[in-house]
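Read through the structure below, which is laid out as structure tokens, and then see the notes.
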Amino acid sequence: MGGGGSTRRVTFEADENENITVVKGVRLSDSLIDRMKEPSSPGGRSPRSSGAVNCVFLLIAVNNEELKKRIAEELALERARRDSEAQKRRLFGKLLERERISSNEHLTRAILRERAATEEERQKAQRFAKQLEEKDRELKKHDAYYKEQLARLEERSAQFYKVTTEQYQKAADEVSSRFK
């Protein structure tokens, strides 16, 4: 493999199903895993009595810088995602706050309009009440005037009746005395 990469020691253990578990997140090909499952060569070490297989490999193809770069990229992506979510929450919060303020302003304006309309209606009612009182006073005044005029006319009529009756009586007495 390449000669420019760094070397790294990785520890592997077999689990209950004789599968190989990779420690520290290094990817291994299926063929390498199969070779690791095979019994060790006669010159090699014997497996531990606990059932765990300890293997030390020199991995030439793994580059620390590349791994660091990938981890840094993933961390940056995660931070960007978190920042984006936080920004969305802040924007949504601001949007909700603006909406709440707008609703409050709209409600306040509506309340003020209603108060103004109520006050205007109250003032109209007061004006109409005053106008009604004035009309009532005027009607009472006219009523008193017409009663007074009627009383005068009745008095005059009574006087005319009296005078006419007296004149009639006088004339009747005169005619009767002349023609008797």
Side-chain angles (χ1 to χ4, degrees), residues 1-2 4-34 36 52 55 57 59-161:
M1 302 208 191
S6 64
T7 60
R8 168 176 238 192
R9 292 176 185 242
V10 180
T11 304
F12 301 93
E13 293 180 297
D15 60 7
E16 301 86 34
N17 300 329
E18 292 300 318
N19 291 329
I20 303 299
T21 303
V22 179
V23 179
K24 293 192 179 181
V26 176
R27 292 184 186 174
L28 301 175
S29 67
D30 290 335
S31 63
L32 181 58
I33 292 173
D34 289 339
M36 288 172 54
C55 299
F57 291 94
L59 299 175
I60 299 171
V62 177
N63 185 347
N64 276 340
E65 292 301 319
E66 185 179 321
L67 187 60
K68 286 179 184 178
K69 192 183 284 185
R70 185 180 294 160
I71 290 171
E73 287 173 0
E74 288 179 13
L75 285 174
L77 286 173
E78 181 64 23
R79 276 194 207 113
R81 186 186 62 78
R82 284 184 190 157
D83 290 347
S84 173
E85 288 176 7
Q87 187 176 14
K88 285 178 186 177
R89 282 193 299 271
R90 282 193 304 271
L91 289 174
F92 187 69
K94 287 180 182 178
L95 180 65
L96 286 176
E97 182 66 20
R98 285 181 189 155
E99 195 65 32
R100 185 185 63 78
I101 289 170
S102 175
S103 295
N104 284 345
E105 288 174 356
H106 181 69
L107 183 61
T108 302
R109 278 188 249 129
I111 289 170
L112 290 175
R113 277 194 305 268
E114 283 300 315
R115 284 182 182 165
T118 303
E119 181 64 23
E120 186 177 326
E121 287 295 321
R122 187 183 63 75
Q123 289 175 354
K124 264 186 186 178
Q126 285 179 344
R127 279 195 309 267
F128 288 145
K130 285 180 182 178
Q131 287 175 354
L132 186 62
E133 287 174 4
E134 287 176 28
K135 290 276 185 187
D136 193 38
R137 275 183 278 169
E138 193 174 315
L139 284 173
K140 285 180 182 177
K141 195 171 161 184
H142 286 294
D143 189 43
Y145 173 75
Y146 288 123
K147 281 184 181 178
E148 184 182 317
Q149 291 297 318
L150 182 63
R152 276 191 207 162
L153 286 174
E154 285 176 349
E155 189 178 322
R156 261 194 217 166
S157 178
Q159 285 176 356
F160 282 134
Y161 180 74

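Residues take their numbers from the sequence shown, with the count starting at 1. In this text, all values refer to a predicted model and were calculated from it rather than measured experimentally.
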Pairwise distance CZ(Arg152) to NZ(Lys147) - rounded to 0.5 angstrom
15.5 Å
At what distance, to the nearest 0.5 angstrom, does NE2 of His106 lie from CD1 of Ile111?
10.5 Å
Can you tell me if Arg156 has over 12 outside heavy atoms packed within less than 6.0 Å of its CZ?
no
Are Arg115 and Glu119 close enough, and set up right, to give a side-chain contact (heavy atoms from CB on, under 4.5 Å), and what steps lead you there?
CA-CA 6 Å; Arg115 284 182 182 165; Glu119 181 64 23; over 6 Å; no
Under the criterion side-chain contact (heavy atoms from CB on, under 4.5 Å), I'd like the reasoning laid out for Asp83 against Gln87: C-alpha separation, chi angles, the key distance, then a yes or no.
CA-CA 6 Å; Asp83 290 347; Gln87 187 176 14; over 6 Å; no
Does a sphere of radius 6.0 Å around CZ in Arg122 hold more than 12 heavy atoms from other residues, nucleotides or ligands, not counting ones at 6.0 Å or beyond?
yes
How far does CZ of Arg82 sit from CZ of Arg89, to the nearest 0.5 angstrom?
10.5 Å
Carboxylate-amine/guanidinium proximity below 4.0 Å for Arg70 and Glu74:
no
Sidechain-backbone polar pair: Thr108 side chain, Asn104 backbone, donor-acceptor under 3.5 Å:
yes
Should the pair Glu78-Arg81 be classified as a salt bridge under the 4.0 Å nitrogen-to-oxygen rule?
yes
Are more than 12 heavy atoms from other residues, nucleotides or ligands located less than 6.0 Å from atom CD of Glu99?
no
Check the pair Glu97, Arg100 against salt bridge (Lys or Arg N to Asp or Glu O under 4.0 Å), reporting the backbone distance first and the verdict last.
CA-CA 5 Å; Glu97 182 66 20; Arg100 185 185 63 78; 2.3 Å; yes
side-chain contact (heavy atoms from CB on, under 4.5 Å) between Glu138 and Glu134, worked out:
CA-CA 6 Å; Glu138 193 174 315; Glu134 287 176 28; 5.9 Å; no
Distance, nearest 0.5 Å, that separates NZ of Lys68 from CD of Glu73
14.5 Å
Are Arg137 and Glu133 packed together at the side-chain level, in the sense that at least one heavy-atom pair is separated by less than 4.5 angstrom?
yes
Taken to the nearest 0.5 Å, the spacing of Leu91 CG from Arg98 CZ works out to 8.5 Å
NZ of Lys141 to CG of Asp143, rounded to nearest 0.5 Å, is 13.5 Å
